[in-house]
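The structure under discussion appears below in the form of structure tokens.
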Amino acid sequence: MKTFSKYFIIGSLLLCFGSCSSFLDVEPTDRYTDDNYWETEERVVASLNGVYASLLHNGLYGGTTPLYFENLSPNAYRYQGDYNLVAQGQHNANTALFYTVWQGAYQGIGRANNLLANIGKVEMDESRRKRYIAEAKFLRAVFYFPLWNLFGGAPLILDATNDATQSNSPRNTAEEIYTQLLRDLNEAIPDLPASYGANEKGRATSGAALAFKARILLYARQWEEAAKTAKEVIDANNYQLFPDYRGLFYLENEGNEEVIFDVQFKFPEFTHGFDINLDQYNNIGPLPNLVNDYYDREGKNIGQSNLYDPAKPYENRDPRLQATVIVKGSLFKGAVVTEGQYPRTGYGQKKYTVFKDDIPAATIPDGQSELNYILLRYADVLLMYAEAQNEAYGPDQSVYNALQQIRSRIGMPGLSTSLSQDELRREIRHERRIELAGEGLYYYDIRRWGIAQEVLNGDIYNDKGQRIDTRRFNPQRDNLWPIPAIAIQENPALAQNPGYGN
């Protein structure tokens with residue numbers, strides 16, 4: 001599953017060494033330029049590989065970034081760093097996190113734009129040219145997504161990199177970014193294949209573009225279109241739920257039938273710190289607020305459960321609890337989890353570690369891992385469909401069917417089919433939180449649902465009921481991130497978001 005990861009090694013800029021035919025030659029022969037690079041299909045592929053490589057930027061999906069978004073939500077806690085500053089409401093335009101995300105997005109956008117602007121110069125098979133263009137447009141949408149979702153408006157740049165014309169670009173509106181996101185994806189879908197051979201795992205497919213389009217429509221509250229688009233993914237029958245929820249995230253099961261698009265890593269060239277940050281450093285400490293939200297095995301809230309025993313709080317619970325969260329007294333890495341082993345909150349995150357419950361942990365060189373981060377998976381598509389369909393039309397059997405596929409996988413009973421739209425909405429939101437816990441998506445959900453101010457204001461506690469921090473969320477300011485101060489310093493034409501000063 002790691003064969004395609006070699007594309008990161010090449011990147012988009014290659015060095016070559018040649019000899020000069022004369023001391024009067026002025027064209028450089030020891031490096032590529034805009035004039036001499038775009039000559040072969042091989043170089044186009046290398047450039048496209050460089051666009052994919054931008055996914056590994058620390059502001060996007062490199063390092064531990066996507067999982068750290070859990071710490072911005074009621075799901076988890078980190079005791080220090082920029083994510084904690086944001087959770088505490090103490091951030092400002094100088095907080096480094098914001099520029100890291102902004103920079104990573106525009107790096108990827110610039111690489112995609114350069115390929116799209118120059119690919120027409122190269123002779124190649126037209127069907128492959130169309131596919132490469134479609135891949136670049138899909139990726140450009142992925143890179144523009146955080147600028148739309150987190151910052152609102154941002155400069156919309158679609159041409160090859162040109163500092164002279166682009167360095168003073170003002171912000172386009174969120175609506176203009178949204179329109180471009182959909183345009184790129186709609187143009188990409190017809191020219192992307194449904195699948196690839198084993199040596200090209202990790203490339204964008206038509207299913208990935210459709211699923212990402214459904215996510216954007218869902219976030220924009222375009223319920224009918226979101227439901228329709230998610231249904232296209234479902235009806236294509238190219239994906240299905242992996243039978244084992246915990247095994248879905250095992251290294252040996254990468255690229256399984258549930259994975260629609262994942263960010264590729266390969267040891268030792270391209271790695272991340274998921275394992276060391278989740279286990280040894282406990283930098284994502286699940287909170288009791290999340291743990292207590294898991295139902296019992298009969299599908300009841302623990303406050304209404306006949307199965308729940310406060311003396312044995314982790315027994316008879318939704319199996320996704322201990323597939324996601326490390327709890328004391330359980331078996332993990334071949335040993336019983338002890339009191340104080342995960343000191344931040346009393347819990348650790350199991351999902352996205354390479355460790356097994358009953359097998360002693362092998363040494364991980366330098367604490368680095370190559371487990372791919374799943375950006376889009378089929379369970380999320382089912383949840384997107386259920387939410388959008390319920391919002392657009394109210395409860396119907398197709399919504400219950402989508403939810404039951406997810407619940408059946410882990411042995412949970414079906415929902416009552418007599419729920420009102422509001423009641424079903426609550427169950428869908430609960431199911432999203434539980435199914436996708438630990439994957440970095442809940443922060444986005446609570447913002448788009450308009451409940452961030454309800455769930456992100458107040459004290460948070462550890463498993464012993466001791467206060468560990470206080471969170472603050474200002475709905476007049478914090479639904480958008482500030483435009484980074486460094487970005488405004490470099491480009492004074494950028495207007496700041498409300499509540500963050502000039």
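Positions are given from 1, in the same order as the sequence printed here.
The side-chain contact (heavy atoms from CB on, under 4.5 Å) search around E257 returns Q240, F242, P243, not counting sequence neighbours. Partners of R171 by side-chain contact (heavy atoms from CB on, under 4.5 Å), not counting sequence neighbours, listed by chain and number: P155, I483, L494, N497. Residues passing the ring pair (Phe, Tyr, Trp, His ring centres under 6.0 Å) test with H91, sequence neighbours excluded: F98, Y500. Annotation: salt bridge (charged side-chain N to carboxylate O under 4.0 Å, His left out) contacts of E187 (sequence neighbours excluded): K137. Residues satisfying the ring pair (Phe, Tyr, Trp, His ring centres under 6.0 Å) criterion with Y245, sequence neighbours excluded, are absent altogether. Residues meeting the ring pair (Phe, Tyr, Trp, His ring centres under 6.0 Å) test with Y219, sequence neighbours left out: F145. In this structure D318 satisfies the side-chain contact (heavy atoms from CB on, under 4.5 Å) test together with Y294, R320, I410, M412, I434, sequence neighbours excluded. With sequence neighbours left out, the ring pair (Phe, Tyr, Trp, His ring centres under 6.0 Å) criterion links Y385 to no other residue. Looking at residues two or more places apart in sequence or on another chain, you find a salt bridge (charged side-chain N to carboxylate O under 4.0 Å, His left out) between R131 and E135, E200. In this view, E175 and T173 satisfy the side-chain contact (heavy atoms from CB on, under 4.5 Å) rule, not counting sequence neighbours.
Residues F69 and Y442 place their aromatic rings such that the two centres sit no closer than 6.0 Å. A ring-centre distance under 6.0 Å is not found for Y347 and Y342. Here the two rings, on F270 and F265, have centers that are 6.0 Å apart or farther. Between Y106 and W102, the ring center distance clears the sub-6.0 Å criterion.
L115 and A136 make their closest contact through CD2-CB, 3.9 Å (heavy atoms, listed as atom of the first residue, atom of the second, distance). When all heavy atoms of I374 and Y352 are compared, the closest pair comes out as N-OH, 2.9 Å. Taking each heavy atom of S54 and F143 in turn, the nearest pair found is CB-CZ, 3.7 Å. Residues L158 and Q180 approach most closely at CD1-OE1, 3.5 Å, considering heavy atoms. Considering all non-hydrogen atoms of both residues, N113 and R140 come closest at OD1-NH1, 2.7 Å. Closest of all the heavy-atom pairs between I260 and V233 is CD1-CG1, 4.4 Å.
Sorted by first then second residue, the salt bridge (Lys or Arg N to Asp or Glu O under 4.0 Å) pairs that include residues 76-98, not counting sequence neighbours, number zero. Within the structure, salt bridge (Lys or Arg N to Asp or Glu O under 4.0 Å) contacts touching residues 466-478 (residues at least two apart or in different chains) are D459-R467.
With respect to K213 and E232, no salt bridge is recorded, no charged nitrogen being found less than 4.0 Å from a carboxylate O. Salt-bridge formation is not detected for the pair E176/R183: no Lys NZ or Arg NE/NH1/NH2 atom is positioned less than 4.0 Å from an Asp or Glu carboxylate oxygen. A salt bridge is absent between R433 and D445: the closest approach of a Lys/Arg side-chain nitrogen to an acidic carboxylate oxygen does not fall below 4.0 angstrom.
Side-chain N or O atoms of N172 include one that pairs as donor or acceptor with a backbone N or O of L156 at under 3.5 Å. S167 places a side-chain N or O within 3.5 Å of a backbone atom of D163 that can act as its donor or acceptor partner. Checked by atom type and distance alone, the side chain of Y373 pairs as donor or acceptor with a backbone atom of E439 at under 3.5 Å. No donor-acceptor distance shorter than 3.5 angstrom exists from the side chain of N282 to the backbone of G348, with no hydrogens or angles considered. For Q349 (side chain) and G438 (main-chain N/O), a donor-acceptor pair under 3.5 Å exists by modelled atom type. At distances below 3.5 Å, at least one donor-acceptor pair connects side-chain atoms of Y196 with backbone N or O atoms of A204. Judged purely by atom type and a 3.5 angstrom limit, N162 has no side-chain atom pairing as donor or acceptor with the backbone of Q166. Using a distance-only test at 3.5 Å, with no hydrogens or angles considered, no donor-acceptor pair links the side chain of K333 to the main chain of I359. Side chain of D380 to backbone of L376: no donor-acceptor contact under 3.5 angstrom is found. The backbone N or O of N277 sits nowhere less than 3.5 Å from a side-chain atom of Q280 that would complete a donor-acceptor pair.
At least one side-chain heavy atom of T338 sits under 4.5 Å from a side-chain heavy atom of Q341. A heavy-atom distance below 4.5 Å is found between the side chains of I189 and L210. Looking only at side-chain heavy atoms (C-beta outward), E370 and L251 come within less than 4.5 Å of each other. When side chains are defined from C-beta on, D191 does not count as touching I133, because their heavy atoms never get closer than 4.5 Å. N75 is not listed as a side-chain neighbour of L287, based on a closest heavy-atom distance of 4.5 Å or more. Counting heavy atoms from C-beta on, the side chains of E435 and R407 never come closer than 4.5 Å. Looking at heavy atoms from C-beta onward, L97 lies out of side-chain contact with T65 at the 4.5 angstrom threshold. Between N92 and L85, the closest side-chain pair of non-hydrogen atoms is not below 4.5 Å.
Atom CD1 of residue I284 and atom CD of residue E70 lie 7.0 Å apart, to the nearest 0.5 angstrom. In this structure, OG on S73 lies 10.0 Å from CG on L441, to the nearest 0.5 angstrom. Separation of atoms CG (N149) and CD1 (I177) is listed at 12.5 Å; rounding is to 0.5 Å. Note that CD1 of I460 is 13.0 Å distant from CD of Q466, once rounded to the nearest 0.5 Å.
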Next on the checklist: Does N49 form a side-chain hydrogen bond (donor to acceptor under 3.5 Å, both in side chains) with R203? I'd like the steps, not just the answer.
Outcome noted: CA-CA 10 Å; N49 293 342; R203 291 195 179 276; 3.0 Å; yes

Checklist entry - Between T100 and N58, does a side-chain hydrogen bond (donor to acceptor under 3.5 Å, both in side chains) hold up when you go through it step by step? => result CA-CA 7 Å; T100 304; N58 277 342; over 6 Å; no

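Just one of R429, R448, R221 meets the salt bridge (Lys or Arg N to Asp or Glu O under 4.0 Å) condition when paired with E387; it is R448.
Taking the six-membered ring for Trp and thresholds of 30 and 60 degrees, W481 and Y443 have ring planes inclined between 30 and 60 degrees apart.
One side chain, D275 or S369, offers a donor N or O that lies under 3.5 Å from an acceptor on the other.
Shown here is Y281, whose OH atom has no more than 12 heavy atoms of other residues, nucleotides or ligands within 6.0 Å.
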